[in-house]
Protein chains: 2
Amino acid sequence: MNIENMKSQMRKGMLEFCVLLQLAKGDAYASEIITKMKEAHLIVMEGTLYPLLTRLKNDGLLCYRWEESPSGPPRKYYSLTQSGREFLFHLESSWHELEKSVNHLLQSHDNQNTEIQ
Amino acid sequence: MNIENMKSQMRKGMLEFCVLLQLAKGDAYASEIITKMKEAHLIVMEGTLYPLLTRLKNDGLLCYRWEESPSGPPRKYYSLTQSGREFLFHLESSWHELEKSVNHLLQSHDNQNTEIQ
DNA sequence: GGATAGTACTTTGTATTGCAAAGTACCGTG
DNA sequence: CACGGTACTTTGCAATACAAAGTACTATCC
């Protein structure tokens, strides 16, 4: 197990959350989401995102419409449903809890380091 | 997919990091780690932790020694190796990056809400 | 109008891994 | 020596991230 592998592990499970967050900012199609996530330094692969979007759609959190592209094949624009918005609200709480838990562990660790040195 | 399932997804991938953080605070055996993690509101199951500790050991990040228990079977106390400490250092950076990325997404989302209302 | 490049969505196969559940084993107590 | 508590291990399953290959639409170039 290398550091890259572990970083990818850390990204796991955050993906749904981040994708929903992106869509909360506005409708988007898959390739667009990939690009935006990359800009936020969150790498996600095609083979990951497409099935993920389908799962979220099947769970009623997303819906989509087809739109023509100025150049190329038509695009599948996804948008949050009401249920998706509510779900995202709960996820934000979960994220803040997780953040708090991890940073609590981190802080004790840092304190210990300070005491040692 | 329900909220509980999703929260568990969000915990995934954080586990290695949190276990290493726990061990940075002092040697511990599996059941002890489970208890401490639970106190930090991070649930982890036996069937998850034991293989995880074995993986980290096989990767040279951890080592262990047997110690007798005042009551019950002997305990396998795990401790960080030097390599484990270095690894943890990198993981802390990764965590802060992830935290920053997610909170950046969150912030734009909140701003948007503010603008709308 | 056929070949090519670019964009976008889909599918398949593999490996990882979290979890539940069952299993093994050690110890002290009555 | 049976039992309850503690602790570690193993097995089977399901979810899923990813790589890679495939399909399909559009515009451009010759």
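Letters A, B, ... are given to chains in the order of the sequence lines, protein chains preceding strands, and every chain is numbered from 1.
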Using the side-chain heavy atoms of [X], tell me which of these nucleotides is nearest: [options].
| X | options | value |
| --- | --- | --- |
| B:P73 | C:dG6, D:dT6, D:dC18 | D:dT6 |
| A:L15 | D:dG5, D:dT9, D:dC18 | D:dC18 |
| A:M45 | D:dA19, D:dT9, D:dA17 | D:dA19 |
| A:A30 | C:dC9, C:dG6, D:dA7 | C:dC9 |

Identify all side-chain donor-acceptor contacts of residues 69-76 of chain B below 3.5 Å with residues at least two apart in sequence or on another chain.
unit_1 : atom_1 : unit_2 : atom_2 : d
B:S69  : OG     : B:S71  : N      : 3.0
B:S69  : OG     : B:S71  : O      : 2.7
B:R75  : NE     : B:Y29  : OH     : 3.4
B:R75  : NH2    : B:Y29  : OH     : 3.3

In whole Å, I'd like the distance from the [atom1] atom of [X] to the [atom2] atom of [N].
| X | N | atom1 | atom2 | result |
| --- | --- | --- | --- | --- |
| B:R11 | C:dG18 | CZ | C1' | 10 Å |
| B:F17 | C:dG18 | CZ | P | 16 Å |
| A:K57 | C:dT10 | NZ | P | 9 Å |
| A:E16 | D:dA15 | CD | C1' | 10 Å |
| A:N58 | D:dA15 | CG | P | 13 Å |
| A:W66 | D:dA24 | CH2 | P | 12 Å |
| B:M10 | C:dC19 | CE | C1' | 19 Å |
| B:I34 | D:dA7 | CD1 | P | 10 Å |

Do [X] and [Y] have side chains that get closer than 4.5 Å, going by heavy atoms?
| X | Y | answer |
| --- | --- | --- |
| B:W95 | A:L106 | yes |
| A:K7 | B:L98 | no |
| A:L88 | A:L61 | no |
| A:H96 | A:E99 | yes |

Taking only side-chain nitrogens and oxygens of [X], does any of them come within less than 4.0 Å of OP1 or OP2 of [N]?
| X | N | result |
| --- | --- | --- |
| A:Y29 | C:dA8 | yes |
| B:Q9 | D:dA15 | no |
| B:R75 | C:dA25 | no |
| B:Y50 | D:dT9 | no |
| A:R55 | D:dT16 | yes |
| B:T54 | D:dT9 | no |

Please find the pair of heavy atoms, one from B:D27 and one from B:Y77, that lie closest to each other, and give the distance. C-CD2, 4.2 Å

Taking every non-hydrogen atom, the tightest pair across A:L21 and B:L105: CD1-CB, 3.9 Å

Work out how much the helix from C:dG1-D:dC30 to C:dG30-D:dC1 bends between its end axes, five pairs an end, to the nearest 10 degrees. 10°

The answer to which of A:E46 and A:S8 contacts DNA chain D further toward the 5' end, by nearest nucleotide, is A:S8

Heavy-atom nearest nucleotide on DNA chain D taken for A:L52 and for B:S71; more 5' hit belongs to B:S71

Which atom pairs, donor and acceptor, lie under 3.5 Å between side-chain atoms of residues 34-50 of chain A and protein residues at least two apart or in another chain?
unit_1 : atom_1 : unit_2 : atom_2 : d
A:T35  : OG1    : A:S31  : O      : 2.9

May I ask you to say what B:T48 touches in the nucleic acid, namely base, sugar-phosphate or nothing, with a heavy-atom cut-off under 4.0 Å? base

